Amino acid sequence: MRATARAQPNIALIKYWGKRDPARNLPAVGSISVTLGDLYTEMTVSLDAGFDRDRLVVNEQDNESMLPRISACLDNVIGTSRAHARVDSLCNFPVAAGLASSASSFAATVVAASAASGASASTATLASLAGQASGSAARSLYGGFAELKNTRNDVSVETILDGHDWPLKVVIAVTSDGPKPVSSGKAMEISRKTSPFYGRWIEKQHDDLRIAREAIDDQDFEKLAQVSEHNCLKMHSVMWASRPPIVYWNAATVDCMQGIRELRSSGVGVFFTIDAGPQVKAVCIASDEARVRDALSAIAGVTDVLSTGLGEGARLVESA
Ligand code: PMV
């Protein structure tokens, strides 16, 4: 039994930071993201009673470090009495570059695993299963502008605006391709336990979500720009005030932010957001994409610039 699914990374505009239930990986706050179009991960799950162990092959190389998380994800989707699996992962963008490859990987894994086991789970169920592996992965089951809400015991995700209805672009400035100093999961727990700003971050998230939802409904770029940059900087302030401090930025990260703010004050439709890493994501109006690309490419320390439109949610590509 074999199935292949494809999923794209998503970039949060209103961020998930903090877990209300670390054991079940349930987020402390809701979030809003955009699902990207051209960057993708394809996962092929082959289940075979003849295999004596699970195996993960990433871009044609065996990968032991991610294997335990993939195996746990397969157990969640199919059950622990399943056959062993070979999982092949193909990614068309740099995996280690902090571009949310875990979100696209787990979103594609749950879709492929469910199909390979012969089940027909709903998108809502698959989103919840993906979220148990990586909180942000739940959003990659949905395309365009996606909102994740906390429900009593779980999460629910929906597309709040189709990407075709507001075809923004995302330009990614890569400023380092080294591994993260600390994983987002660990960093969230350090923030929850030690940051004096953590409680306030949680309290204020409802306001940011409401403002972003209004901005998306009205396609009000300036309003979305202001609330997204504010929410991003607030999340990083929570991290900076943690003990030990969590600082993901480098000098080029700061220069990119500055460059983007200058562009916006000169009339270019662009804003920045940054996740648990040093890369800067510039969200922009389609007609301004070339200017944003040129400006970010010229910043010292930027090693690569990728750009993409918005895309659809995770889906099955092949099943046999
Ligand atoms: O899904 P995780 O555990 O990798 O956490 C993602 C956290 C951020 O990327 C910083 C924010 C978000 O909402 O995606």
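Every number for a ligand or one of its atoms is a count from 1 in the order of the listing. What you see is a predicted model, and the numbers here were worked out from it, not measured in a lab. What you see below is based on every heavy atom in this structure, not just the backbone, and it leaves out hydrogens, waters and symmetry mates.
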Side chain Glu42, main chain Thr4, donor-acceptor under 3.5 Å:
no
Only pairs at least two apart or in different chains count here, so list each ring pair (Phe, Tyr, Trp, His ring centres under 6.0 Å) that has a residue in residues 276-305.
none
Please tell me if the side chains of Ile70 and Asp54 come closer than 4.5 Å, counting only heavy atoms from C-beta onward.
no
side-chain contact (heavy atoms from CB on, under 4.5 Å) partners of Ser114, counting only residues at least two apart:
Val77, Ala119, Ala121, Leu126
Mark yes or no for whether Ser104, through its side chain, and Ser101, through its backbone, hold a donor-acceptor pair below 3.5 Å.
yes
One pair per line, please: each N/O atom of ligand 1 matched with every protein N/O atom under 3.5 Å away, atom names first, then the distance to 0.1 Å.
| residue | atom | partner | partner atom | Å |
| --- | --- | --- | --- | --- |
| ligand 1 | 1 (O) | Ser134 | OG | 3.0 |
| ligand 1 | 1 (O) | Gly135 | N | 3.3 |
| ligand 1 | 1 (O) | Ser136 | N | 2.8 |
| ligand 1 | 1 (O) | Ser136 | OG | 2.6 |
| ligand 1 | 3 (O) | Ser184 | OG | 3.4 |
| ligand 1 | 4 (O) | Ser184 | OG | 3.1 |
| ligand 1 | 13 (O) | Tyr16 | N | 2.9 |
| ligand 1 | 13 (O) | Arg139 | NH1 | 3.0 |
| ligand 1 | 13 (O) | Arg139 | NH2 | 3.2 |
| ligand 1 | 14 (O) | Arg139 | NH2 | 2.8 |

Which pairs of donor and acceptor atoms, one on a side chain in residues 160-172, lie under 3.5 Å apart (sequence neighbours left out)?
| residue | atom | partner | partner atom | Å |
| --- | --- | --- | --- | --- |
| Asp162 | OD1 | His164 | N | 2.9 |
| Asp162 | OD1 | His164 | ND1 | 2.9 |

